[in-house]
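Quick caveat, the model's predicted, so the values are computed rather than measured. These values consider heavy atoms only, across backbone and side chains, with no hydrogens, waters or symmetry-generated copies. All residue numbers in this chain count up from 1 along the given sequence.
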Amino acid sequence: MPHLVPRLSILCHLLLGLAFPLTAQWEAGTTYREYVWLMPDDGEAFLRVGGKLGYASQAGKLPGHLQDGDQLILPHEIDLASAERAEVTLEKVQSHEDSKDLRIAINGHAPIPIGEPDWIPEPQTEYMYHTDLTLPIPLDQLHPGKGNRFALTLDTSQRWGWPQNVFYAIIFRVYYPSDSPAPELSRLPTEIPAKTYLSIDQPGRGARSADYIFVGADTDWSGRGTLNRKHWQTFRGRAHHTLGHSTNPAERFAVAWYTEWLPDQDKLGVQARVQGEDGKYRVSKVSDGLRLAPRPYRIVAYESDPAPRNWVTRNGQFEQTIQVTDEVSKAKALQLNWVSWSPCYANGVYLNGHLVWNTNEQDECYVWATHEPVYTGLEVKFLQAGENVVSTGLTPLFRGQMVHGMEVQWPGVQLKVRYGVGEAEEH
């Protein structure tokens with residue numbers, strides 16, 4: 001089995017006293033526009049950078065309004081009137097280990113190093129991950145209107161000759177002075193039941209949409225491995241695994257929020273952003289001071305020990321440990337959560353040596369996916385007090401040839417367990 005870095009296992013309830021890590025686009029009171037570069041809908045969902053299949057090696061692969069040689073073109077008109085600052089967010093998949101020195105050059109300016117995510121052990125280029133990396137960019141490197149260009153590059157060396165990162169979105173964000181009151185969430189009950197509704201109090205005339213995020217402890221889908229945070233991340237530039245998105249102003253952008261699998265905790269909050277008719281996003285403050293209503297069961301989330309390096313199932317068998325400190329005889333259900341790439345090439349996910357998940361039945365193999373199977377039967381009996389091992393099998397050769405294998409992205413597999421006789425509400 002691959003070597004595991006030293007154990008850092010901590011139950012999520014121990015993290016509740018920590019400050020919530022901020023996310024750039026969710027600072028209360030900010031006003032900004034987003035300009036999102038995406039691959040066309042009729043081809044690959046992701047952009048390859050580096051190596052023989054990288055976009056720069058395939059002139060003409062993309063339409064002329066998106067690519068000119070090694071330059072990618074933003075097809076939007078950028079508004080810089082009264083702009084205060086700018087940043088870029090890259091929705092990145094590491095893809096091939098030892099791919100390094102990612103840089104972005106904007107409108108012919110000197111390349112800016114992107115850097116590696118500091119929440120992953122060094123060397124980060126040895127781990128599989130899908131995360132969003134945000135860095136400030138000089139405002140004067142952008143120009144107003146259309147025609148802004150940028151180039152992404154990697155070091156041309158890689159241990160087996162194929163450097164590659166994959167990007168599902170590149171988001172340029174421009175911030176402006178606040179020119180109207182920040183949106184406010186409609187009043188919420190202090191004790192949040194299993195189902196409640198979120199909406200915007202006086203969203204404003206012409207408002208187009210609203211997004212809601214959870215602030216507290218829960219499964220981390222962002223590739224950070226931090227359970228206690230603002231739970232915000234994107235797929236192809238759009239929100240995913242948030243509390244909801246609405247484009248219905250008639251209902252004040254109401255969405256249903258289900259909390260039946262939310263871990264027990266004393267403090268939780270909600271934050272919203274609203275897009276106005278002018279295209280600008282405006283961010284609310286966090287509605288905090290909330291707590292879960294009493295329920296006849298407990299949900300405990302356990303922080304996994306660090307994931308192994310280069311968790312790609314074509315390379316071998318891998319395992320990760322999770323410490324369970326509760327009495328497992330009282331467990332009634334469990335949920336495993338992980339992020340993958342190319343899941344159709346998996347060869348089993350095991351809990352303490354017992355097969356619990358095999359593969360996805362889907363047409364596409366080279367895709368990103370999230371997994372959150374819930375088990376209420378025999379699988380619950382596989383849970384052990386103390387150390388639990390989640391492992392993946394080796395993807396075998398097909399007709400003597402290697403196939404891709406499933407990539408398990410950082411932080412690996414996360415575990416939630418329901419204890420007690422109460423049943424979680426289904427929806």
Side-chain angles (χ1 to χ4, degrees), residues 24-25 31-96 99-117 130-158 163-176 234-238 275 278-281:
Q25 62 267 46
T31 300
Y32 59 86
R33 283 193 173 95
E34 289 186 340
Y35 304 95
V36 184
W37 192 98
L38 294 171
M39 292 285 281
D41 290 335
D42 58 354
E44 288 183 322
F46 48 86
L47 175 76
R48 298 177 191 259
V49 173
K52 58 187 177 183
L53 296 183
Y55 80 90
S57 300
Q58 301 184 77
K61 177 180 180 178
L62 300 176
H65 71 284
L66 292 178
Q67 179 184 7
D68 180 10
D70 66 347
Q71 299 292 304
L72 298 170
I73 305 169
L74 267 177
H76 314 282
E77 288 196 21
I78 292 186
D79 176 16
L80 294 180
S82 302
E84 295 180 326
R85 59 188 174 92
E87 64 191 21
V88 62
T89 294
L90 299 100
E91 187 188 327
K92 175 188 174 184
V93 177
Q94 173 63 11
S95 189
H96 291 176
S99 298
K100 50 192 175 292
D101 198 23
L102 176 65
R103 294 171 178 259
I104 185 169
I106 302 169
N107 287 324
H109 291 275
I112 303 171
I114 303 298
E116 294 295 333
H130 178 138
T131 197
D132 53 295
L133 300 174
T134 299
L135 69 154
I137 56 175
L139 194 57
D140 61 7
Q141 291 193 7
L142 299 173
H143 60 71
K146 287 191 173 183
N148 283 274
R149 299 175 173 220
F150 62 98
L152 293 168
T153 56
L154 280 171
D155 192 311
T156 56
S157 67
Q158 191 262 356
Q164 180 174 277
N165 286 169
V166 162
F167 297 87
Y168 278 98
I170 298 94
I171 306 169
F172 289 85
R173 198 171 292 110
V174 178
Y175 288 83
Y176 309 92
T234 66
F235 175 61
R236 282 181 58 84
R238 306 183 75 173
Q275 187 179 35
D278 58 2
K280 291 180 179 178
Y281 290 99

>> With side chain to side chain contact (heavy atoms under 4.5 Å, CB included) as the criterion, how do L139 and L80 come out once you've worked through the C-alpha distance, each side chain's angles and the decisive distance to 0.1 Å?
In response: CA-CA 9 Å; L139 194 57; L80 294 180; 4.0 Å; yes
> Given side chains that start at C-beta, do those of V49 and T153 come closer than 4.5 Å, heavy atoms only?
Replying inline: no
>> Let's go through I171 and Q25 carefully: what are the C-alpha distance in whole Å and the side-chain angles of both, what is the deciding distance for side chain to side chain contact (heavy atoms under 4.5 Å, CB included) to 0.1 Å, and is it a yes or a no?
In response: CA-CA 11 Å; I171 306 169; Q25 62 267 46; over 6 Å; no
>> One thing to verify: whether E91 and R238 come together as a salt bridge, which I'm taking to mean a side-chain N less than 4.0 angstrom from a carboxylate O.
In response: no
> Should Y35 and P75 count as side-chain neighbours, where that means a heavy-atom distance under 4.5 Å?
Replying inline: no
>> Strictly distance-based, threshold 3.5 Å: is any side-chain N or O of Y175 a donor or acceptor partner for the main-chain N or O of T31?
In response: no
> Quick one: salt bridge (charged side-chain N to carboxylate O under 4.0 Å, His left out) partners of D41, sequence neighbours excluded?
Replying inline: R236
>> If you define the side chain from C-beta out and look only at heavy atoms, does anything of I114 sit under 4.5 Å from K92?
In response: no
> Given the rule in the side chain to side chain contact (heavy atoms under 4.5 Å, CB included) test, do Q158 and S99 qualify, once you have shown the distances and angles that lead to the verdict?
Replying inline: CA-CA 6 Å; Q158 191 262 356; S99 298; 4.1 Å; yes
>> Using modelled atom types and a 3.5 Å cut-off, is there a donor and acceptor pairing between side-chain atoms of Q67 and backbone atoms of L62?
In response: yes
> What's the verdict on side chain to side chain contact (heavy atoms under 4.5 Å, CB included) for Q141 and I112, showing C-alpha distance, side-chain angles and the deciding distance?
Replying inline: CA-CA 11 Å; Q141 291 193 7; I112 303 171; 3.8 Å; yes
> Would you say the side-chain atoms of S95 and Q164 include a donor-acceptor pair closer than 3.5 Å?
Replying inline: yes
>> Which residue in the set L47, N165, D132, L152 passes side-chain contact (heavy atoms from CB on, under 4.5 Å) when paired with L90?
In response: L152
> Between Y168 and F46, what is the ring plane arrangement, given parallel below 30°, perpendicular above 60°, and tilted in between?
Replying inline: perpendicular
